[in-house]
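Note that the structure is predicted; figures quoted are calculated from it, not measured. All residue numbers in this chain count up from 1 along the given sequence. Just follow the structure's listing: the first ligand is 1, and inside any ligand the first atom is 1.
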Amino acid sequence: MALIVQKFGGTSVGTVERIQQVAAKVKKFRENGDDIVVVVSAMSGETNRLIDLANQVTDGQPVGRELDVMLSTGEQVTIALLSMALIKLGVPTVSYTGSQVRILTDSAHTKARILQIDDQKLRADLKAGRVVVVAGFQGVDEHGNITTLGRGGSDTTGVALAAALKADECQIYTDVDGVYTTDPRVVPQARRLEKITFEEMLEMASLGSKVLQIRSVEFAGKYNVPLRVLHSFQEGPGTLITLDEEESMEQPIISGIAFNRDEAKLTIRGVPDTPGVAFKILGPVSAANIEVDMIVQNVSHDNTTDFTFTVHRNDYANALEILRATAENIGAREAGGDFNIAKVSIVGVGMRSHAGVASRMFEALAKENINIQMISTSEIKVSVVIEEKYLELAVRALHTAFELDAPDRQGD
Ligand code: ADP
Ligand code: ASP
Ligand code: MG
C-alpha cells in the first residue's frame with residue numbers, strides 16, 4: 001500500500017464534469033488500496049478573475065494581505081466541490097484549507113514560503129480511511145494571516161505535503177502528459193521526456209517552463225521527493241523527475257529548451273568607465289528591490305562604456321526611472337530600454353561533457369538571421385536574448401538543430 005499525493009491543476013478541475021472525473025480517478029486509486037492526499041488548484045481562470053477584481057478597486061498594487069484573503073477562495077471552492085463529488089461516489093473524504101491543515105508560511109504575502117506543515121490531522125484522517133483534499137497555493141503565517149505561495153503555487157503545496165508525509169510519490173496531474181523537450185503548444189514536434197534530472201528541471205522552470213513552479217522542484221530536490229508529471233485524463237507513464245544522471249551513450253546534449261517573454265532590457269550609454277561603475281548603476285536598482293537577471297558591459301571606447309541588463313517586465317517602468325536618474329548623476333549620455341525581447345535557453349546536463357554547444361546554438365540562430373542581443377551561460381544552460389517576434393522561430397530552429405524533434409514529426 002502506497003501513500004500518494006496527487007495534485008490536479010486548474011484546467012483539470014476547470015468544470016464540474018472534470019471535477020467529477022477527478023473524483024472517479026481518485027476513487028480508483030483508493031480501490032487499489034493506496035492512501036491518497038489530493039491537492040487542487042482553483043478552477044482555471046479563477047485566480048486571474050480574482051486578481052482582476054482586486055485591480056478594479058485599487059490604484060497600483062492591491063495590499064498583499066487582502067489580496068491573499070481573496071485569492072485563497074479560488075482553491076477553497078475546488079476542495080469543497082471535489083469532496084462533495086467524492087462523497088457522492090461513496091468515498092469518505094475531508095477537505096482542508098491551507099490554514100486548517102496548518103501549512104505554516106512566512107509573511108511574504110503573494111509569494112510566501114512554506115516553513116512547516118503539521119501532518120497530524122492528515123495522518124489521522126488517512127488512518128481512518130479518508131481521502132484528504134487540501135487547497136493548493138495557500139498557507140497561514142504565524143499571526144494567522146492567510147498567505148499564498150505565488151502563481152503556480154499548488155505544485156509546491158503538493159510537493160511539500162509529499163515531503164512532510166514521506167509519500168511514496170508526488171504526482172502532478174495537468175493538461176499535458178509529461179515534461180516535454182519544450183512547450184508543446186509552441187513546438188508541435190516537442191517530445192515527452194521519460195526522465196529529467198531535478199537540476200535540469202530547476203533550470204527549465206526558472207528559465208520559463210511553467211509546467212512546474214520553481215519552488216516545487218527545489219523542494220522535491222531538497223527532500224528527495226519522487227516527483228512525476230502526468231496527464232489528468234490520459235493513461236501513460238508521464239515524466240519522472242529524478243536525482244540520478246544516468247550516463248548513457250544516447251544521452252542527448254540538450255534535454256530541453258525554455259523561453260520567456262517576461263523580461264525587459266535596459267541600457268545606459270556613454271557611461272564614464274571608472275571603477276565601481278557597475279555598482280553605481282545596479283546599486284539603486286537593487287535598493288528598489290528589483291531583481292536583475294542578465295548583465296552585459298561593453299568594452300569601453302574613449303573611456304566610456306555601455307551597460308545593459310534585464311529585469312522582470314513588471315519592474316520595467318520603475319527600473320527605467322531609476323536608471324534615468326542614475327544617468328544624470330554619473331554623467332552618462334542616455335538611458336533607455338526595450339521590452340520587445342524574449343529569452344531563449346537551452347538546458348542539459350550533457351553540456352558538461354560536450355564542447356561547442358553554445359556555438360551550435362549561435363549557428364542555428366544565425367541561419368535564421370536572428371540577432372542575439374545578450375548571452376549568458378552556466379554549467380548546464382546557455383541563454384540568449386533576442387527580439388520577441390523571433391521567439392517561436394528561434395525555439396523551433398534550436399529544437400531541430402539539437403535533434404530534439406519527435407522522430408515521426410521531424411520537419412513538420
Ligand atoms: P496546471 O494548471 O495543471 O498547473 P500549467 O498551465 O501550470 O498547468 O502547466 C502546464 C502547461 O505548461 C502545459 O499546458 C504547457 O503548455 C506548459 N509547458 C511549458 N513548458 C513545458 C514543457 N517543457 N513541457 C510540458 N509543458 C510545458
Ligand atoms: N491558482 C493558482 C494560480 O493560478 C495556483 C495554481 O494553480 O497552482 O496561480
Ligand atoms: Mg501550474
* Element-labelled atoms of ligand 1 that are located less than 4.0 Å from some non-hydrogen atom of Val179 -> 24 (N)

* Asked: Identify the closest protein heavy atom to atom 14 (O) of ligand 1: which residue and atom is it, and at what distance?
  -> Arg185 NH2, 2.5 Å

* Asked: Do any N/O atoms on Gly152 end up under 3.5 angstrom from N/O atoms on ligand 2?
  -> yes

* Asked: Does Arg261 pair with Glu392 as a salt bridge, N-O distance under 4.0 Å?
  -> yes

* To do: Please test Val22 against Tyr173 for side-chain contact (heavy atoms from CB on, under 4.5 Å), starting from the C-alpha separation and ending with a verdict.
  => CA-CA 10 Å; Val22 168; Tyr173 287 96; over 6 Å; no

* To do: Report, in ascending order of atom number, the atoms of ligand 2 lying under 4.0 Å from any heavy atom of Arg151.
  => 3 (C), 4 (O), 9 (O)

* ligand 1 atoms in contact with Gly10 (distance to a heavy atom under 4.0 Å) -> 2 (O)

* Before accepting this row, confirm whether a basic side-chain N of the pair Glu194/Arg192 lies closer than 4.0 Å to the acidic partner's carboxylate O. => yes

* Counting each atom of ligand 1 from 1 as listed, which ones have a heavy atom of Asp175 under 4.0 Å away? -> 10 (C), 11 (C), 13 (C), 14 (O)

* Asked: With atoms numbered from 1 as shown, which atoms in ligand 2 lie under 4.0 angstrom from a non-hydrogen atom of Ser41?
  -> 6 (C), 7 (O), 8 (O)

* Asked: Counting heavy atoms only, which of Gly136, Ser209, Ala42, Gly178 is nearest atom 25 (C) of ligand 1?
  -> Gly178

* Structure fact -> In terms of its nearest heavy atom to atom 27 (C) of ligand 1, the top option of Thr239, Val211, Ile196, Thr182 is Val211

* Side chain to side chain, Val159 and Leu212, heavy atoms closer than 4.5 Å -> no

* May I ask whether Gly208 places a heavy atom under 4.0 Å from ligand 1? => no

* By side-chain hydrogen bond (donor to acceptor under 3.5 Å, both in side chains) - contacts of Glu203 (at least two apart) -> none

* Asked: Do any heavy atoms of Gly9 fall under 4.0 Å from ligand 2?
  -> no

* 4.0 Å heavy-atom contact, Gly153 with ligand 2 -> yes

* Asked: Would you call Pro184 a ligand 1 contact, heavy-atom distance under 4.0 Å?
  -> yes

* Asked: So which of Phe259, Phe8, Tyr180 gets nearest to atom 24 (N) of ligand 1, if we judge by its closest heavy atom?
  -> Tyr180

* Asked: Under a 4.0 Å heavy-atom limit, does Glu75 contact ligand 2 with its side chain, its backbone, both, or neither?
  -> side chain

* Structure fact -> Near Lys210 (heavy-atom distance under 4.0 Å), the atoms of ligand 1 are 7 (O), 9 (O), 19 (C)

* Can a donor-acceptor pair be found between the side chains of Asn48 and Arg151 at a distance below 3.5 Å? -> yes

* Asked: Among all protein non-hydrogen atoms, which one is nearest to atom 21 (C) of ligand 1, and what is the separation to 0.1 Å?
  -> Asp183 CA, 3.7 Å

* Asked: Will you find, in the side chains of Thr197 and Glu200, an N or O donor that is under 3.5 Å from an N or O acceptor?
  -> yes

* Asked: For Gln6 and Lys25, what are the C-alpha separation, side-chain angles and deciding distance, and is it a side-chain contact (heavy atoms from CB on, under 4.5 Å)?
  -> CA-CA 11 Å; Gln6 305 186 317; Lys25 188 176 177 107; 5.6 Å; no

* Got more than 12 heavy atoms from elsewhere within 6.0 Å of CD, Glu31? -> yes

* **Minimum non-hydrogen distance to atom 1 (P) of ligand 1, winning option of Thr174, Thr181, Val229** => Thr174

* Asked: By salt bridge (charged side-chain N to carboxylate O under 4.0 Å, His left out), which residues pair with Asp118, not counting sequence neighbours?
  -> none

* Run the salt-bridge test on Arg215 and Glu218 with the 4.0 Å N-O cut-off and return the result as yes or no. => no

* Look at ligand 1 and say whether Lys7 reaches it with a heavy atom at a distance under 4.0 Å. => yes

* To do: Any chance you could measure Asp175, atom CG, to Phe8, atom CZ, to the nearest 0.5 Å?
  => 13.0 Å

* To do: Looking only at distances, please establish whether an N/O atom of ligand 2 is found under 3.5 Å from an N/O atom of Asp155.
  => no

